[in-house]
**Student:** 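Next up is a structure, given as structure tokens.
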Amino acid sequence: MQHTLDPGGTFDVYDIRRWDDLSPGELGSYLGTDAVKDALHVPRHVPWEFHDNTGPVAQHLAVDNMQDCSDKYRAIMDRYRALLYTGNFDTACGYRSTEEILDDIMDKRGLRAEWRDAPRLIWTQAQGNPKGFVRSHGQLTQVSVPDSGHEVPAYQPEICREMLYNWLFDRPFHGYDPLKAGKPDS
């Protein structure tokens with residue numbers, strides 16, 4: 001059976017730079033250990049298998065997968081701070097589609113203009129190289145991480161750790177607004 005991406009060259013939706021599936025790598029070794037199987041109540045004789053889009057779980061989630069859940073995001077953002085981050089080479093859950101969802105959510109909250117006008121900072125390293133692109137308004141922060149696919153922590157672990165620390169501990173994302181004159185504030 002032909003996959004839906006075959007006519008496009010069977011690129012990896014989780015990292016557009018790749019033409020093969022992402023290997024689960026060390027995750028398989030970890031999940032296959034007796035300690036993890038015991039903690040998850042999986043019999044030790046059952047081998048660990050990786051199935052992203054096939055099998056009974058995928059079949060049961062298929063109907064639910066494309067449902068609009070923006071009302072749930074709105075409810076969360078009314079009560080909690082929210083961080084949404086994406087890798088720039090992820091086409092499964094990419095930056096632009098996340099931005100469209102956030103625009104819609106902010107529009108329904110009456111905050112679209114404020115969200116669209118919030119500065120999009122270039123978050124920089126000491127050398128001035130970008131770590132990412134950050135936009136924040138109220139309790140919402142959106143980050144795009146360069147040179148990263150779907151699993152941002154696997155592609156950019158140091159940058160992801162700093163991003164999480166900055167967000168969790170309400171620290172600034174040092175950088176600059178490219179639309180304003182002046183030098184970066186690294």
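Keep in mind that this is a model prediction, so the values were computed, not measured.
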**Student:** Sequence neighbours excluded, which residues qualify as side-chain hydrogen bond (donor to acceptor under 3.5 Å, both in side chains) partners of Lys108?
**Tutor:** Asp104
**Student:** Any non-hydrogen side-chain atom of Phe133 less than 4.5 Å from a side-chain atom of Ile122?
**Tutor:** yes
**Student:** Holding to side-chain hydrogen bond (donor to acceptor under 3.5 Å, both in side chains), I want the full list of residues that pass it with Thr98, two or more places apart in sequence or in another chain.
**Tutor:** none
**Student:** Who pairs with Asp38 by salt bridge (Lys or Arg N to Asp or Glu O under 4.0 Å), at least two apart in sequence or on another chain?
**Tutor:** Arg44
**Student:** For Gln139, check side-chain hydrogen bond (donor to acceptor under 3.5 Å, both in side chains) against everything at least two apart and list the hits.
**Tutor:** none
**Student:** Quick check: do Val152 and Asp90 have side-chain heavy atoms less than 4.5 Å from each other?
**Tutor:** no
**Student:** Which residues pass the salt bridge (Lys or Arg N to Asp or Glu O under 4.0 Å) test with Arg109, not counting sequence neighbours?
**Tutor:** Asp78
**Student:** Compare every heavy atom of Phe173 with every heavy atom of Trp167, then report the nearest pair and how far apart it is.
**Tutor:** N-CZ, 4.2 Å
**Student:** Using the salt bridge (Lys or Arg N to Asp or Glu O under 4.0 Å) rule, collect all pairs that involve residues 117-141, keeping only residues at least two apart or in two chains.
**Tutor:** Glu99-Arg120, Glu99-Arg135, Lys131-Glu162
**Student:** Which residues pass the side-chain contact (heavy atoms from CB on, under 4.5 Å) test with Tyr80, not counting sequence neighbours?
**Tutor:** Ile76
**Student:** Just jot down the side-chain contact (heavy atoms from CB on, under 4.5 Å) partners of Tyr73, sequence neighbours excluded, or say none.
**Tutor:** Leu84, Ile105
**Student:** Please list, chain by chain and in numerical order, all residues satisfying side-chain hydrogen bond (donor to acceptor under 3.5 Å, both in side chains) with Asp103, sequence neighbours excluded.
**Tutor:** Trp115, Arg116
**Student:** Run the side-chain contact (heavy atoms from CB on, under 4.5 Å) test against Cys69 and tell me which residues pass, sequence neighbours left out.
**Tutor:** Lys72
**Student:** Once salt bridge (Lys or Arg N to Asp or Glu O under 4.0 Å) is applied, do any residues pair with Glu100, and if so which ones, sequence neighbours excluded?
**Tutor:** Arg96
**Student:** Using the test side-chain contact (heavy atoms from CB on, under 4.5 Å), find all partners of Pro172 that sit at least two apart in sequence or belong to another chain.
**Tutor:** His174
**Student:** Quick one: pull up CG in Leu140 and CD in Glu114 and give me the separation to the nearest 0.5 Å.
**Tutor:** 12.5 Å
